[in-house]
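Right, one structure below, let's go through it.
Remember, predicted model here, so these are calculated numbers, not experimental data. Quick note on labels: first sequence line is chain A, next is B, and so on, each numbered from 1.
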There are 2 protein chains.
Amino acid sequence: MKLSRGVEWGLHCAVLLAVTPDGPPVSRQKLAAEYDLPEAYLVKHLHSMVRSGILQSTSGPNGGFRLARPPADITALDVVEAVEGSAPPFTCQEIRRRGRGAAPPELCAEPCTVNSVMTAAHQAWRDSLRGVTVADLLERLPEGALARSRP
Amino acid sequence: MKLSRGVEWGLHCAVLLAVTPDGPPVSRQKLAAEYDLPEAYLVKHLHSMVRSGILQSTSGPNGGFRLARPPADITALDVVEAVEGSAPPFTCQEIRRRGRGAAPPELCAEPCTVNSVMTAAHQAWRDSLRGVTVADLLERLPEGALARSRP
DNA sequence: GCCATCGTACTCGGATATCTCTTGTCCGAGTTACGGCGG
DNA sequence: CCGCCGTAACTCGGACAAGAGATATCCGAGTACGATGGC
């Protein structure tokens with residue numbers, strides 16, 4: 001199990017954009033240079049966030065990215081699932097219905113217990129991430145770091 | 001983010017072995033045939049569980065696998081981390097210290113907030129899995145399925 | 001002074017290459033139960 | 001009847017191959033700002 005590195009990038013960029021939510025868009029060059037990230041690949045992830053309605057992007061000169069919603073309305077889960085996709089990490093293959101010990105359909109009315117446990121864990125994970133917003137992250141930033149991020 | 005398919009296999013096999021905890025070892029052939037799984041690859045995962053102290057394996061004729069502990073002492077987390085490894089899915093790259101906006105070391109005394117959030121979520125996931133034992137899974141099995149699994 | 005046009009700067013989206021991890025297979029080596037054989 | 005030995009069944013562990021997904025990179029196309037020129 002491994003999360004895409006883009007998750008870290010997306011979260012940091014979201015916090016950075018939240019510093020000046022109503023300022024001009026930040027260009028992809030600036031965003032990439034800010035953390036020394038591969039520009040083209042970073043943008044791929046940012047586009048996923050645009051498609052998910054977290055970011056807005058404007059074309060042309062002085063274009064770039066900005067938050068599509070107030071920082072308090074964007075949860076960490078929003079960002080993570082935008083970048084990583086919302087497919088659960090565990091997908092039940094229903095192996096109980098296969099092989100020598102295959103359970104007949106009438107015993108499979110209830111969802112597979114193994115699946116239930118893994119799904120519950122995934123929900124706990126999502127709930128934890130849903131409880132934190134980009135505004136919270138911004139607030140927890142050390143004083144100095146905040147000042148440095150402003151233009 | 002994707003979990004290895006072996007997690008499902010490991011959990012189902014653990015439940016199957018828990019049906020007769022004190023019976024003779026179950027051969028790898030039987031285990032694989034039970035769910036129609038690739039035998040050699042399934043065994044790879046079962047070995048991981050042996051190394052983690054969840055299963056015991058005995059060589060020679062009539063050899064095979066059995067639980068190393070009572071089912072109530074084996075949590076779903078034990079199985080999942082035995083198969084998948086216990087490395088957290090999110091590893092902080094400390095990108096806040098890189099690039100144009102690199103934070104100086106004195107601002108990095110506190111752990112990265114992004115990292116904290118992701119780590120907390122991972123803990124929530126682990127806690128959820130830790131709350132369920134193999135004995136619980138066995139108990140939730142439908143009546144019929146339990147009877148079918150016995151020799 | 002105002003408006004249309006053009007160039008430039010920037011982004012968008014897809015195609016492509018590379019690398020790692022998962023999935024799966026295979027084979028030689030080691031281990032143990034069982035049966036046969038000699039004392 | 002008892003102990004020894006060979007065989008067969010079974011597992012152990014690593015090497016190896018194929019496929020999927022993550023990690024980038026690059027390029028043509030589209031878009032908007034700003035400058036330039038004509039009215």
Side-chain angles (χ1 to χ4, degrees), chain A residues 1-10 13 17 24-33 35-66 68 80-91 93 95 98-99, chain B residues 1-10 13 17 24-33 35-52 55-66 68 80-91 93 95 98-99:
Chain A
M1 187 172 46
K2 223 178 111 240
L3 259 103
S4 161
R5 195 166 295 184
V7 168
E8 183 176 6
W9 302 357
C13 286
L17 293 176
V26 180
S27 77
R28 44 194 275 180
Q29 277 183 21
K30 274 193 185 171
L31 276 175
Y35 298 115
D36 189 24
L37 302 176
E39 182 183 330
Y41 189 37
L42 169 64
V43 167
K44 253 191 173 19
H45 292 304
L46 296 181
H47 279 163
S48 301
M49 293 167 69
V50 171
R51 276 193 295 276
S52 300
I54 298 174
L55 299 185
Q56 271 180 349
S57 74
T58 53
S59 299
N62 303 331
F65 296 91
R66 66 171 61 176
V80 172
E81 292 202 330
V83 172
E84 189 69 26
S86 52
F90 180 90
T91 50
Q93 302 294 124
I95 66 172
R98 292 165 40 189
Chain B
M1 187 172 48
K2 221 179 108 238
L3 257 93
S4 161
R5 196 166 297 184
V7 168
E8 183 176 8
W9 303 356
C13 286
L17 293 176
V26 181
S27 78
R28 43 194 276 178
Q29 278 184 20
K30 273 193 186 171
L31 276 176
Y35 297 116
D36 189 24
L37 303 176
E39 183 183 330
Y41 189 37
L42 169 65
V43 167
K44 254 190 174 16
H45 292 306
L46 295 182
H47 280 163
S48 301
M49 293 167 69
V50 171
R51 276 193 295 277
S52 299
L55 299 185
Q56 270 180 350
S57 73
T58 55
S59 298
N62 302 332
F65 296 90
R66 66 170 61 176
V80 171
E81 293 201 330
V83 173
E84 187 70 25
S86 52
F90 180 89
T91 50
Q93 303 295 122
I95 66 173
R98 291 165 39 190

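Rounding to whole angstrom units, NZ of residue A/K44 and C1' of D/dG21 are separated by 14 Å. If you measure from atom CG of A/L46 to atom C1' of C/dC10, you get 15 Å, rounded to the nearest angstrom. With rounding to whole Å, A/W9 atom CH2 is found 10 Å from D/dA22 atom C1'. Going from atom CG of A/L37 over to atom C1' of D/dT25 covers 15 Å, rounded to whole Å. Taking atom CG of A/N62 as the reference point, atom P of C/dT8 lies 17 Å away to the nearest angstrom. Residue A/H47 contributes atom NE2, which lies 16 Å from atom C1' of C/dA15 at whole-angstrom precision. When the C1' atom of D/dG21 is taken as reference, atom CZ of A/R5 falls 14 Å away, rounded to whole Å. Separating the NZ atom of A/K2 from the C1' atom of D/dA20 is a distance of 13 Å, rounded to the nearest angstrom.
The side chain of A/A40 lies closest to D/dT25 when the candidates are D/dG34, D/dC12, D/dT25. For A/S27, whose side chain is taken as the heavy atoms from C-beta onward, the closest listed nucleotide among D/dG13, C/dC10, C/dT22 is C/dC10. Closest approach to the B/Y41 side chain among C/dC34, D/dC33, C/dT22 is made by C/dT22 (side chain taken as heavy atoms from C-beta onward). With D/dA8, C/dC34, D/dC33 as the choices, the nucleotide that has an atom nearest any side-chain atom of B/P61 turns out to be D/dA8.
In the displayed structure, A/R66 atom CZ is contacted under 6.0 Å by more than 12 heavy atoms of other residues, nucleotides or ligands.
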Step by step, would you call B/V83 with B/M49 a side-chain contact (heavy atoms from CB on, under 4.5 Å)? CA-CA 6 Å; B/V83 173; B/M49 293 167 69; 4.0 Å; yes

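At least one side-chain nitrogen or oxygen of A/S4 sits closer than 4.0 Å to the OP1 or OP2 atom of D/dT23. B/T58 has no side-chain polar atom (N or O) that falls below the 4.0 Å cut-off from OP1 or OP2 of C/dT32.
Between B/F65 and B/H47, the ring-plane angle classifies as tilted under the 30° and 60° cut-offs.
Distance SG/A/C13 to CG/A/L37: 6.5 Å, rounded to 0.5 Å.
Mapping A/S59 and A/R28 onto DNA chain D by nearest heavy atom places A/R28 closer to the 5' end of the strand.
A 4.5 Å side-chain heavy-atom check between A/S4 and A/H45 finds at least one atom pair inside the cut-off.
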